[in-house]
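All remarks here apply to the structure that follows.
Naming convention: chains lettered A, B, ... in sequence-line order (proteins, then strands); numbering from 1 in each chain.
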Amino acid sequence: MARYNPKENEPRQRDAWAKADVFRTADDDTRPKYYILEMFPYPSGRMHMGHVRNYTMGDVVARYWRARGYSVLHPMGWDAFGMPAENAAMERGVHPKGWTYDNIAAMREPFKVLGTSIDWSREFATCDPEYYGQQQAWFLKLYESGLVYRREATVNWDPVDMTVLANEQVIDGRGWRSDALVEKRKLTQWFLRITDYADDLIEGLSTLDRWPDKVRLMQENWIGRSRGLRMTWRWSGAAPAGLEDGLEVYTTRPDTLYGASFMAIAPDHPLAEQLAAADPKVAEFVARCRAGGTSEVEIEAGEKLGMDTGLAVVHPFDASWTVPVWIANFVLMDYGTGAIFGCPAHDQRDLDFARKYGLPVKPVVLPSDGHPATFMIGSEAYVGPGKIFNSDFMDGMTIEQAKAAAIDRVEAQQQGKGATVYRLRDWGVSRQRYWGCPIPIIHCEACGPVGVPRDQLPVVLPDDVSFDIPGNPLARHPTWKHVKCPSCGADAQRETDTLDTFVDSSWYFARFANPNAAEPIDKAAADRWMPVDQYIGGVEHAVLHLLYARFITRALKDQGMLSVEEPFAGLFTQGMVTHETYKAADGAWVEPAQVEFVTEGGARIARVKATGETLTIGDIEKMSKSKKNVVAPEEIFDTYGVDAARLFVMSDSPPERDVQWTNAGVEGANRFIHRVWNEFDSQPDGPPPPLSDDPSALELRRAAHKLIGAVGESIAGFRFNSGVARLYEFLGTLRAHPAAGASDAVLAARHEALTILACLINPFVPHLAEACWTRLGNEGLIVDVAWPQADPALIADSEVVLPVQVNGKRRGEVTAAKGADEADVRALALADPAVSVHLAGLTVRKVIVVQDRIVNIVAN
RNA sequence: GCGGAUGUGGCGGAACUGGUAGACGCACUGGAUUUAGGUUCCAGCGCCGAAAGGCGUGGAGGUUCGAGUCCUCUCAUCCGCACCA
């Protein structure tokens with residue numbers, strides 16, 4: 001017997017897999033397909049524990065379905081464009097391209113060491129011109145179909161880095177890198193018309209029954225569909241220029257039109273801007289609103305600011321009733337029409353505003369317990385159900401009836417129309433960045449924006465760029481942007497913006513079906529593999545990436561490039577890997593690798609290994625460089641082996657929750673691995689004796705056969721921690737039947753059990769499983785072995801143990817034949833001495849027998 | 001503020017449709033092996049109690065023969081959105 005040596009075994013098994021090329025996926029396989037995909041990583045250059053967990057999870061699932069006879073596609077790529085490469089270029093003078101490809105090379109190694117069953121022949125990076133060129137091709141198709149357009153939009157502009165920032169990159173109003181105050185700027189930007197698909201994207205959610213409810217709900221809220229009325233209020237008096245028809249507002253509460261008290265427009269509404277141009281006081285007010293708009297404190301306080309414009313409109317249902325028009329800071333220009341009618345009695349914001357500026361508050365919805373004469377609104381608006389009153393023709397209606405009636409009337413008066421409004425905005429994809437996919441458009445003075453002809457794709461990024469000054473290197477490149485117009489041949493300029501990197505990740509899953517296709521998507525291959533059967537990634541992408549990918553999939557389907565509407569049939573969002581934090585007296589964080597622990601008086605004390613300095617044990621947080629609570633996967637691989645790391649991240653917590661990395665935990669996993677090996681290694685060489693029904697062996701055989709279903713269901717149901725627990729438990733059963741001194745019957749049962757065990761541990765600890773498989777005397781690789789079949793006779797129990805309760809409290813148990821009828825079980829239970837003790841002096845009123853489950857005796 | 005999730009020993013967690021709460025791992029305690037530390041092996045380990053027994057799944061009620069699981073209220077923590085008309 002030799003101690004299991006992962007350092008020697010693990011590389012050998014990986015070599016064997018590579019040599020046999022076992023993970024290459026054939027496209028002409030006739031077996032059913034299973035496409036499993038983990039969200040591809042950004043090539044930071046370093047693998048972290050989160051990757052280990054994410055990719056091990058996917059690998060366990062991939063290896064399981066592979067063993068179950070499916071043709072499994074499990075590809076891998078790199079989400080390789082983006083800001084970190086340019087930041088590295090600016091900070092260290094390296095080229096983004098070299099930096100990125102070096103990082104990919106550095107990360108590919110640990111990913112291969114992890115032993116995941118990936119078809120590396122399909123690998124690509126989004127910064128490969130072969131990939132982004134195809135992206136440009138479909139982008140142009142969407143452009144031709146009208147899904148891509150250009151308009152002026154307000155963006156976050158970082159005046160120091162001279163670039164647009166995404167909303168996520170603005171922290172408390174400042175650029176995340178430069179710390180400069182971010183300005184709102186109007187820039188002409190490219191947009192994707194995702195709002196065209198708003199309804200489809202909502203309806204589609206109901207088909208995604210293997211997605212977490214949480215994610216579906218978040219997407220629904222993000223799209224934010226609301227139904228209401230878009231209507232125009234006519235001016236009382238002279239109409240402002242350009243708004244001759246009146247003031248258009250959007251409301252979801254047309255039932256409260258008789259409660260109207262004021263109109264409010266956004267500070268950046270065209271009317272407000274017009275008034276500001278004419279009146280310095282208005283200009284000053286508008287400026288104040290804008291400044292306050294970004295200030296956290298003011299939003300927090302919710303202070304309502306308003307200014308009466310002096311203009312007024314006429315109520316649609318009463319020509320003698322005029323309503324004043326205000327400018328208000330709480331009205332948003334980019335939602336609805338940028339103008340509202342205020343009904344203070346039934347909207348809290350409107351009420352706050354009305355109270356502050358002394359505007360009328362007239363209730364029009366009466367709660368069921370309210371009286372029309374006495375019902376009053378205090379400081380809280382009434383937003384509950386009730387009957388309409390004070391409302392002429394709507395009096396007595398329910399809210400829903402009144403909404404319909406008001407919409408009908410407004411439509412009949414030709415002053416508006418029932419409308420659906422979304423919170424979702426079109427997707428701005430322009431980035432003033434170098435390291436991204438060039439937008440394949442040429443601007444010609446005569447022809448306008450013209451798509452780059454197909455035969456000139458890809459538009460490749462130039463390599464000779466500099467990062468010594470801020471701004472977009474593409475824009476200041478001496479020659480790159482100067483081209484001829486493809487349409488008229490005149491001098492023209494290339495678009496120098498690049499695409500948001502979320503575009504890159506919105507279709508890569510379809511490209512994996514055939515990464516070398518001459519078209520963006522090989523439709524036949526995509527029809528074979530799409531949709532992804534199981535997608536795995538972090539919940540932080542619940543709206544962004546997952547919504548964009550769903551949108552692009554639908555858009556490409558409408559271009560005839562794909563057949564599916566939804567890219568991901570199943571989604572699993574995994575938790576993070578966390579670790580304790582350690583802080584020194586001077587406030588500095590200390591890495592776990594430098595910490596040792598002692599127990600003093602039952603308390604666990606952390607201190608620095610080298611100096612003995614006592615440390616404060618802080619919160620358990622996501623592993624991060626800033627808190628230094630990081631454990632490098634490579635170090636763990638080196639100390640314990642890859643399998644121990646894989647097993648631990650799968651074992652301790654349910655996969656959707658965070659898992660706390662602990663040294664003690666990985667040692668537990670390591671212990672299991674060595675114990676498993678010892679069981680295989682203690683089995684005698686040579687062919688096993690024949691299996692027998694000897695009772696001494698039957699317990700082991702039963703346990704092994706039952707384990708097959710339990711572990712399989714755990715994997716299929718993403719309950720990996722439970723599956724691992726069952727494997728640990730089974731090891732105990734195995735150890736209770738040692739090989740040393742065992743009868744032939746037990747040796748035979750052990751051989752069978754070990755054969756099963758090797759197959760069941762294979763998804764989790766594949767390197768160990770291969771070694772175990774060979775140790776049992778088998779030829780070939782266990783990756784090619786089918787998932788074992790349980791013998792129905794061995795998993796069916798002939799006897800069951802039934803707990804017996806008296807008045808709901810467990811008092812004893814009886815053993816009965818499986819399926820025994822009620823009368824027999826009842827007699828057995830009543831005769832049990834442990835039970836009868838508790839029945840002394842009581843009268844049995846009722847005996848409930850749940851077949852093969854439990855007996856409950858009701859007595860008093 | 002709105003929406004959602006979670007709450008079980010010292011810790012991570014198990015308990016699939018209401019049916020033996022605490023599987024499995026960690027920590028801890030005792031013992032064996034070892035020159036010693038570590039490793040390895042055996043045993044114990046929800047709380048109260050000497051025992052019999054009682055009490056226990058954030059808290060309070062309820063439904064049920066039976067509730068961690070279902071219902072009502074409530075507290076705490078976490079997450080998402082946030083002046084969305």
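Residue contacts shown for A:R735 are limited to sugar-phosphate atoms, with no base heavy atom under 4.0 Å away. Among the protein residues, A:V850 comes within range of the nucleic acid bases, having at least one heavy atom under 4.0 Å from a base atom. Backbone-only engagement by A:R675 is indicated by non-hydrogen atom pairs under 4.0 Å involving sugar-phosphate atoms exclusively. As judged by a 4.0 angstrom heavy-atom cut-off over every strand, A:L217 is placed among residues touching the sugar-phosphate backbone only. Heavy atoms of A:V543 sit nowhere under 4.0 angstrom from any nucleic acid atom. Contacts of A:G665 with the nucleic acid, taken as non-hydrogen atoms under 4.0 Å apart, are absent. Residue contacts shown for A:R845 are absent, as no nucleic acid heavy atom lies under 4.0 Å away.
Salt bridge present: A:R726 and A:E729 bring a charged side-chain N and a carboxylate O closer than 4.0 Å.
In this view, A:F720 and A:F718 satisfy the ring pair (Phe, Tyr, Trp, His ring centres under 6.0 Å) rule, not counting sequence neighbours. Applying the ring pair (Phe, Tyr, Trp, His ring centres under 6.0 Å) test to A:H737 and every residue at least two apart in sequence or in another chain returns nothing. Applying the side chain to side chain donor-acceptor pair (under 3.5 Å) rule to A:E580 yields the partners A:Y582, A:R604; only residues at least two apart in sequence or on another chain are considered. Applying the ring pair (Phe, Tyr, Trp, His ring centres under 6.0 Å) criterion to A:F285, with sequence neighbours excluded, gives no partner residue. The side chain to side chain donor-acceptor pair (under 3.5 Å) search around A:R227 returns A:T420, not counting sequence neighbours. Scored by the salt bridge (charged side-chain N to carboxylate O under 4.0 Å, His left out) test, A:E596 finds A:R607 as partners (sequence neighbours excluded).
In the set B:A85, B:C26, B:G3, B:C26 carries the atom at the smallest distance from any side-chain atom of A:A664. The A:R853 side chain lies nearest to B:G19 when the options are B:U40, B:G19, B:C81.
Helical stems in RNA chain B, defined as runs of 3 or more consecutive Watson-Crick or G-U wobble pairs with both donor-acceptor distances under 3.5 Å, are listed by first residue as B:1-7 with B:75-81, B:10-12 with B:24-26, B:28-32 with B:40-44, B:46-48 with B:53-55, B:58-62 with B:70-74.
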Quiz item: Once each nucleotide of nucleotides 7-15 of chain B is scored for protein heavy atoms under 4.0 Å, what B/S/- sequence comes out, 5' to 3'?
Solution: -----SSSS

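Judged by distance alone with a 3.5 Å cut-off, no donor-acceptor contact links the side chain of A:K214 to the base of B:C79.
Spacing of P atoms, B:G58 relative to B:A14, comes out at 14 Å, to the nearest Å. For B:C47 and B:A23, the P atoms lie 13 Å apart once the distance is rounded to whole Å.
B:A85 atom C1' lies 14 Å from atom CZ of A:R423, rounded to whole Å. We find that CG of A:N329 is positioned 14 Å from C1' of B:A85, with the value rounded to whole Å.
Evaluation of the salt bridge (charged side-chain N to carboxylate O under 4.0 Å, His left out) test over residues 339-348 of chain A, restricted to residues two or more places apart or in two chains, returns A:D347-A:R349. Screening residues 801-814 of chain A for salt bridge (charged side-chain N to carboxylate O under 4.0 Å, His left out), with sequence neighbours left out, gives A:R810-A:E813.
Distances shown here put every side-chain N or O of A:R671 at or beyond 4.0 Å from the OP1 or OP2 atom of B:G25.
Taken residue by residue, residues 803-815 of chain A places heavy atoms nearer than 4.0 Å to RNA chain B at A:P803, A:Q805, A:K809, A:R810, A:R811. The stretch residues 723-733 of chain A touches RNA chain B through A:A725, A:Y728, A:E729, each having a heavy atom under 4.0 angstrom from the strand.
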